[in-house]
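We name chains A, B, ... by the order of the sequence lines, and we start the count at 1 in each one.
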Amino acid sequence: MAEARAPRPLGKGDLLYLVDGSGFIFRAYFQAANRDAKYNFRSDGTPTGAVNMFCAMLHSEMGLASSRGPTHFAVIFDHSSESFRNALYPAYKANRTEPPEDLRPQFALIREATRAFGLPCIEMQGYEADDLIATYATQAAAAGAAVTILSSDKDLMQLVSPAVHLRDPMKKVDIGPEEVAAKFGVAPERVVDVQALAGDSVDNIPGAPGIGVKTAAQLIGEYGDLDTLLARAGEIRQPKRRQTLIEKADQIRLSRELVTLKRDVPVETGLEAMSLEKPDPEALLGFLAEMEFRTLTSRIAETLGAEPPAVVPRAEAAGGSGAAGASSPPGAGHAALGGAPGARIDLPDLEAAVHEVVRDPGTLEAWIAEAREAGRLCIDLETTSLDEMVAEIVGIALSVVPGRAAYVPVGHTTGEGDLLGASERVEGQLALEDALARLGPLLADPSILKIGQNLKYDMKVLARHGLAVAPIDDTMLISYALDSGRGGHGMDELSERHLGHKPIPIKELIGSGKSAITFDRVEIDKAAGYAAEDAEVTLRLWHVLRPRLAAERVSTVYHTLERPLVPVLAEMERAGIRIDRDELARQSTRFAQKMAEYEDEIHKLAGRSFNVGSPKQLGEILFDEQGLPGGKKGKAGAWGTGADVLESLAAQGHELPARVLDWRQLSKLRSTYTDALPTHVNAETGRVHTSFSLAATSTGRLASTDPNLQNIPVRTEEGRGIRRAFVAEPGNLILSLDYSQIELRILAHVAGIDALKAAFREGQDIHAMTASEVFGVPVEGMDPMVRRQAKAINFGVIYGISAFGLANNLRIPQGEAKAFIDAYFERFPGIRDYMEATKATARENGYVETLFGRRIHTPGIAQKGPGRGFAERAAINAPIQGSAADVIRRAMIRIPEALAAAKLSGRMLLQVHDELLFEVPEAEAADTVAVVRRVMEEAAEPAVKLDVPLVVDAGQGASWAEAH
DNA sequence: GTTATCACG
DNA sequence: GACGTACGTGATAACA
């Protein structure tokens, strides 16, 4: 129950937000149009996009979740286009245009929305919103309160004072007296004088012809104020200006009257009525649900701690029939959707989609026929596990046209499984094998496009049933090609970003954490609503995203680097890699013994027992109790105990940190590798099957998960032992082929550094050569330390070098690091040029590109503050890391066919950024190396002809340790 | 769920 | 002149 509003007078310590409602409306409208105009309608056709954005903006500005938000809040609107100013000057705002057609019906709804939020909604005949804002701001400031006006209208800048600030709701910048002075060149009190002189073409204020803001500010600065200026106009040197000011004095005074806001409007609503209260959930959520804002309804229900009401699409409610089970398409659109793939079409309302549960072969065949007719099909499997190697199919969601989707349940069981696990198959489902037998030919049909979100998952599950899926289009990968760097590419995120719709969270069906159930135990009707929505949303995303590929010139990236990799990775992942569990168990035991010894020693050194694995406790021991030097607390107030800190303490001769480092290394190896890897062995295949994410990184690299096989230890002897457990089947060998220095080679190419290119062509030691050039020492008999430093510089360059970073890495003073960098740039000025050029590109375009055209967006490069340096270094690194990633992708795509053409039976197992791992029959090892090496070294061609050779090193053995 | 740490290229 | 920084990832344990 909402409490009755208690009027609370406003005074010192209070903060009043005054929203320029009319400005907000236009912002909301264009924001919505920008998002995706197609979805800005309620199911009955009422345009609601601006209402939706307006509500979202209000919600965020009210700051209900925060305690530092406003105490008072009001939204002010223009009553009509006429005001007292028209009496003064009939042409006032005469050249304003009519609001857009689809915005006009939203004005009333927006006022309704404001009231639903429980906010005063204020307007007055004869006055503009700005006058009311001026009046309230003046009153509030006089009462000692602070005021923030939410508007981007520069006419309001005259109101700014220490107590009254202006804030642009989109740009989120706060405008105080200093910012006004920066913009107008005068203090806020004199802004009207400047405006009076400069005039305003938007509002049709005449002003002084030939005088703009710059000149006006200069004149006011010189003479103090407008009256003085006009009185002493005769003194002005420039004849033309003098004449204008004398002749147009009346017009200028009139202009000032027009731009000066009225601060004494006889307002009816008092400030006390603006005290901000929590909205009445019933009224607000009711309104939002009526508008059919599903995402906003649930989000706001969450802030209010209330139950979100059901959102029932009007069209459907009016039609009277339930959604599920209806088999005829809604009147909208089927005919309109027959266009070519990716053609621009009008999508029917998402909230009104029809979800059909398919329980008999005939209905499934009807859907299959429809897909054949359309030439495409969106598919999404529901299964019992995220692990494709064990997942059982529970249901299949299909969609052919937006607006309709089907769910074919095949493996649902009774949810009431008791502790004995007794759960029975639910009646009324097609048999899995029957459904797959019918769908199989469709999925393999080369004339039918299969659309999905992360189809690699579905393809792997289907492959276990002997089904192939081709050709495909993957919305996740389309998004990745288009928008890498702009956010994630998961379906829920894409739906919110592009469709303005929040799909049903899986949590609502299966719960989360320990109490989560498997999908087969979800009721069929619930599952259908969820699954059908996913398939339909995916198809809608395809309609929205696919045309952008060509329009934004990233089709080639998608078609040559993303899509063809899907079947290749699916096969690698399905192959898996054999691990020697006994070897890992032996190592684990050895590590455990060693750790126990270290632990005893550590506790003795500390003088008491504690959890060595707790950085917090360790920090207290080292820095509070033992008082060791060099302690630094992080932002959380905890002592830093990272390896770098402990190493420097150990280097000073302290034993405790040295032992902790030893302990930590073993702890890491044991928990992450020797103990965790065996749990990932698949019961059926006896091998470990990682999953490669295609769209996880911003640069085009893959990422390996569950388990991550791209970070198996190699740098230390102890760690390298883990690789002995990655073994080939008897009679086979592990092959490892890796690109030598690929990122530096790409740098030499893109930056066009002749000396580096030549060094690579001649096969020189690139770090030694760098050292020789930078430090002026001969390569022969070089001090290994000097080479190490040059190596660090080379890596630094790839990362967007900074003196701080290099100093940290080499543990040298920052000044020395800077001298190194200066010397380096002195010798290789082209590198600095390249870095500057890359930053400039990123600033101009908002993205950088790899050699193969992959785009990596760099939002954040424009911002000020510490974030920018970050974004700049990422922008420098991205084309280099990304081009290398593209090269190995191209190689991977070609390798299966190259092996097949050479009649070689070896399998590709893993990719580790610049390395590929294979398992091959012993007899084929030499030939396989030859074929793969050739493909890898030529991978850039013919798209790009590198000025430097790519060189691939190869190794082989019974295990990864031997092959590397 | 977030943070600190550490494994890889 | 100060600020805060090497690029890109994922898994684990501790802690809240």
Exercise for the section: Scan every strand shown for a Watson-Crick or G-U wobble partner of C:dA2, both distances under 3.5 Å, and answer none if you come up empty. Expected result: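 Checking every strand shown, C:dA2 finds no partner, since no pair has both distances under 3.5 Å.
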Which part of the nucleic acid, if any, lies within reach of [X] when heavy atoms closer than 4.0 Å are counted: base, sugar-phosphate only, or nothing?
X        : answer
A:Asn808 : nothing
A:Ala878 : nothing
A:Ile712 : sugar-phosphate
A:Phe870 : sugar-phosphate
A:Arg715 : base
A:Ser693 : nothing
A:Ser667 : nothing
A:Ala885 : nothing
A:Asn708 : sugar-phosphate
A:Ser802 : base

Compare every heavy atom of [Y] with every heavy atom of [X], then report the nearest pair and how far apart it is.
X        : Y        : answer
A:Ala885 : A:Arg701 : CB-N, 3.7 Å
A:Pro949 : A:Phe760 : CG-O, 3.9 Å
A:Arg811 : A:Glu647 : NH2-OE1, 3.1 Å
A:Trp960 : A:Glu915 : NE1-OE2, 3.1 Å
A:Leu702 : A:Met892 : CD1-CE, 4.3 Å

Tell me whether the side-chain N/O atoms of [X] come closer than 4.0 Å to OP1 or OP2 in [N].
X        : N      : value
A:Thr672 : C:dG10 : no
A:Arg873 : C:dC7  : yes
A:Ser671 : B:dC6  : no
A:Ser614 : C:dC15 : yes
A:Arg664 : B:dC6  : yes

Shortest side-chain distance from [X], nucleotide among [options]:
X        : options              : value
A:Gln617 : C:dC15, C:dG8, C:dT5 : C:dC15
A:Arg723 : B:dT5, C:dA11, B:dG9 : B:dG9
A:Ala874 : B:dT5, C:dC7, C:dT9  : C:dC7

Exercise for the section: To the nearest 0.5 Å, tell me how far A:Ile880 CD1 sits from A:Tyr799 OH. Expected result: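 If I round to the nearest 0.5 Å, the distance is 10.5 Å.
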Handout entry: Between C:dT5 (P) and A:Arg868 (CZ): distance, integer Å
Key =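 To the nearest whole Å, that distance equals 16 Å.
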Problem - Atom P, compared across B:dA4 and C:dT5: separation rounded to whole Å - result: 12 Å
Exercise for the section: Using the P atom on both, measure C:dA6 against B:dC6 and round to a whole Å. Expected result: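 Rounded to whole Å, the distance is 15 Å.
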Practice task
Identify, residue by residue, the members of residues 788-801 of chain A with a heavy atom below 4.0 Å from DNA chain C, and return them in order of residue number, or none.
Solution key: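 Listed by number, they are A:Ala792, A:Gly796, A:Tyr799, A:Ile801.
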Exercise for the section: Under the ring pair (Phe, Tyr, Trp, His ring centres under 6.0 Å) rule, what do A:Phe820 and A:Tyr824 come out as? Steps first, then yes or no, please. Expected result: CA-CA 6 Å; A:Phe820 284 3; A:Tyr824 180 86; over 10 Å; no
Exercise for the section: Begin with the C-alpha distance, continue with both residues' side-chain angles, and end with the deciding distance and a verdict on side chain to side chain donor-acceptor pair (under 3.5 Å) for A:Glu718 and A:Gln587. Expected result: CA-CA 9 Å; A:Glu718 290 286 324; A:Gln587 294 188 20; over 6 Å; no
